[in-house]
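Below: one structure, written as structure tokens.
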Amino acid sequence: MSPAPPGGGEPLSEALADRRRKALALRELGIPPWGVDFHPTHTCGQANDQAPEEIGAHGDEVAVAGRLLRIRRSGGIAFADCFDESGRIQLLVSREVYAAMSLLRELDIGDIVGAKGRLMRSRSDQPSVQVQELILLAKSLRPPAGKHRGVVDPELRYRRRYLDLLSDPQRRLIFKQRSAIVSALRSVLEERGYMEVETPILQPIPGGGDARPFRSHHNALDSDFFLRIAIELYLKRLLVSGFERVFEIGRTFRNEGLSPRHNPEFTLLEAYQAYGDLDSMMDLCQAMVQGACSAAASLGAEPPGELMQQFAVTPMVQLVYQTTGFDALELWQAPGEMGVRARELGVQLPVDPGPGRILFEVYDQLVEPTIRQPTFVVGHPAEVSPLARRGDDPRFAKRFELVVNGRELANAFSELNDPLEQRERLLEQARRRQSGDEEAQPFDLDFVEALEHGMPPAGGIGLGVDRLVMMVTGAASIRDVLLFPTLRPQPEGDGGSRTL
RNA sequence: GCCGCCAUGGCGCAGUGGUAGCGCAGGGGCCUUUUAAGCCCAGGGUCGCAGGUUCGAAUCCUGCUGGCGGCACCA
């Protein structure tokens, strides 16, 4: 075991010490281990594709750069596989090119190099660059993890994601697909005349959804702020302001448990359309999901085929009746009886629930998880939809959720623009909050006052981008579609929140 | 927050009370057409941390830390 470097940190393992020794030795020889300019003429993938077909034949002069994946030395000749984002090319170095050969002796897997030479095809039919000049661009002081199998230790994968991504092109592909999906969502919205906006993430009152927020504090203002749990109330203020089609794609935060489907910070898309309604939101929703599927498919993903078909539209009351035999409309007049029947089905209920809440809990706990095919579930109880307009039957809201594979993917409604009713319904939420429901929405007077100036009737939608990406790419865990998922910070030691 | 499983060299793993091992990576050597190249040699470990039981602990017990999965909460 080598001594610990000055300033702390873990002791250097043999491999680490050796790489450091090589870097310093090269510097002694006047070869900088880092920080040389190099301008590739071809990507590794291009070089590989453009190599001559015939064994032994030579092609164009090229300059390529990339990271060393493998080195095979065989006496007077050596082969090194070098890769970049585009692919891989073999470098062929022979003893006659003395400088390159002696530099290669000091190189390790993981080092980033540039190579100049002619394209050719080796005797065993491998596209190669016959190296004339080899240049070290960045010495790697640490051995790469997971050279053969990729990084499999989940802790390493998430804590040091760059190693995971570096060692596994498939993993990188998911994030290219994610980027394409988000880009497609943006295109669909922009084509339809929606304007992208940015609204506060630090909010004095975290409204627009049912969730526990993160709390923070601003020193100069000596005021508490919350990280937003939804974007809704600010986007609706913009509808009041005269912008008619707005959307935001942004990070949103909920102070709740972690699971393969929940990360404390996640990406939410919300869009609002003045004079829109439930139909226009269904239309938009379907277009966004299908745009996402096409975008990902063009990068090799295989989205479930059902997502490309017309989604079903089914009332919640009907789904609940079909699945459980629970007849909400029949029981509506007798909430006590309704609660008893729900509990008999094994449904957990809050204290003193109204009929709407009972119906919703039965749906949420017993029915939603069983929905497989993409379905627009419509007719949510108004009681659990405090920001949505009531339907012709005032017990129900003009609202839909898109459910696929038992999971809610999007949530939309015809927005409530009656300031008097909105005030009442938010006050009801506030009362529930006071009696202990931590997730009931707080009362935002400023928002209600905005509505009092007149908000056009509007359709609005929220869509969970991470879950859409999971569904379209087939990822099993939300951590697989987040570059840096939230983990418990490590107090000290490897891969944690080291500040030194 | 609760329950279960896991933690052994840089990476992947074996080792269930008696001398800590294997493969890859790294070091030294041989090899001018290799493909996770091959062959020879020599290294590398406070077995996650802290206690306890025992003549003796990687192994058994307790606590802690971290991860994964499930439950609860939620999207």
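Proteins come first, then strands; the chains are lettered A, B, ... in the order of their sequence lines, and each starts at number 1.
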A/F79, nearest nucleotide to its side chain (from B/G69, B/G26, B/U33): B/U33
Given B/C73, B/U34, B/G26, the nucleotide with the shortest approach to the side chain of A/D108: B/G26
Rounded interatomic separation in angstrom, taking CD from A/E368 and P from B/C73: 13 Å
Sugar-phosphate, base or nothing in reach of A/E408, heavy atoms under 4.0 Å: sugar-phosphate
B/U65 versus B/G10 - spacing of their P atoms, nearest Å: 25 Å
Atom-to-atom span, CG of A/L258 to P of B/G70 - whole angstrom: 12 Å
A/R19 CZ - B/C11 P separation (whole Å): 13 Å
Pairing of A/E383 and A/R357 as salt bridge, 4.0 angstrom limit: no
Interatomic distance, A/R212 CZ vs B/A72 P [rounded to whole Å]: 15 Å
Sugar-phosphate only, base, or nothing, as touched by A/N263 at under 4.0 Å among non-hydrogen atoms: base
Touch class at under 4.0 angstrom, heavy-atom based, for A/Q90 against every strand present: base
Nucleotide paired to B/C24 in any strand shown, Watson-Crick or G-U, under 3.5 Å: B/G10
Between B/G43 and B/U53 - P atom distance, rounded Å: 37 Å
Along RNA chain B (nearest heavy atom to each residue), the more 5'-positioned of A/R479 and A/R88: A/R88
Pairwise P distance for B/C24 and B/A57, with rounding to whole Å: 33 Å
Partner of A/E415 under side-chain hydrogen bond (donor to acceptor under 3.5 Å, both in side chains), chosen from A/K236, A/K398, A/R389: A/K236
Base paired to B/U34 (Watson-Crick or G-U; both N/O distances under 3.5 angstrom): none
Heavy-atom closest contact (A/G45 atom, A/S86 atom, distance): N-OG, 2.8 Å
Ring geometry between A/F360 and A/H380 (parallel below 30°, tilted from 30 to 60°, perpendicular above 60°): tilted
Donor-acceptor contact below 3.5 Å, side chain A/Q429 vs main chain A/F443: no
Atom pair distance, as rounded to whole Å: CG in A/D480 and C1' in B/C68: 12 Å
Whole-Å distance separating the CG atom of A/L69 from the P atom of B/A25: 12 Å
Nearest-Å distance once atom C1' is located in both B/C31 and B/G38: 9 Å
Rounded P spacing from B/G26 to B/C64 in Å: 41 Å
Protein-nucleotide distance (A/R407, atom CZ; B/C73, atom P), rounded to Å: 17 Å
Between A/E96 and A/S94, a side-chain donor and acceptor under 3.5 Å: yes
Residue-phosphate contact under 4.0 Å: A/K22 side-chain N/O, B/G26 OP1/OP2: no
Distance-only polar pair, side chains of A/Q365 and A/E361, donor-acceptor under 3.5 Å: yes
Sugar-phosphate only, base, or nothing, as touched by A/R73 at under 4.0 Å among non-hydrogen atoms: base
B/G1 - base-pair partner by Watson-Crick or wobble geometry, distances under 3.5 Å: B/C71
B/G69 versus B/G44 - spacing of their C1' atoms, nearest Å: 35 Å
Among B/U33, B/G70, B/U34, the nucleotide that comes nearest once only the side chain of A/L92 is considered: B/U33
Of A/R261 and A/S122, the one whose closest RNA chain B nucleotide lies more 5': A/S122
Sugar-phosphate, base or nothing in reach of A/R21, heavy atoms under 4.0 Å: nothing
Phosphate OP1/OP2 of B/A37: any A/R70 side-chain N/O under 4.0 Å: yes
Between B/C30 (C1') and A/R95 (CZ): distance, integer Å: 11 Å
Presence of A/R72 side-chain N/O under 4.0 Å of B/U34 phosphate oxygens OP1/OP2: no
A/D18 side chain, from C-beta outward: closest of B/G27, B/C73, B/U32: B/G27
B/C47 versus B/C22 - spacing of their C1' atoms, nearest Å: 15 Å
Rounded C1' spacing from B/G23 to B/U8 in Å: 15 Å
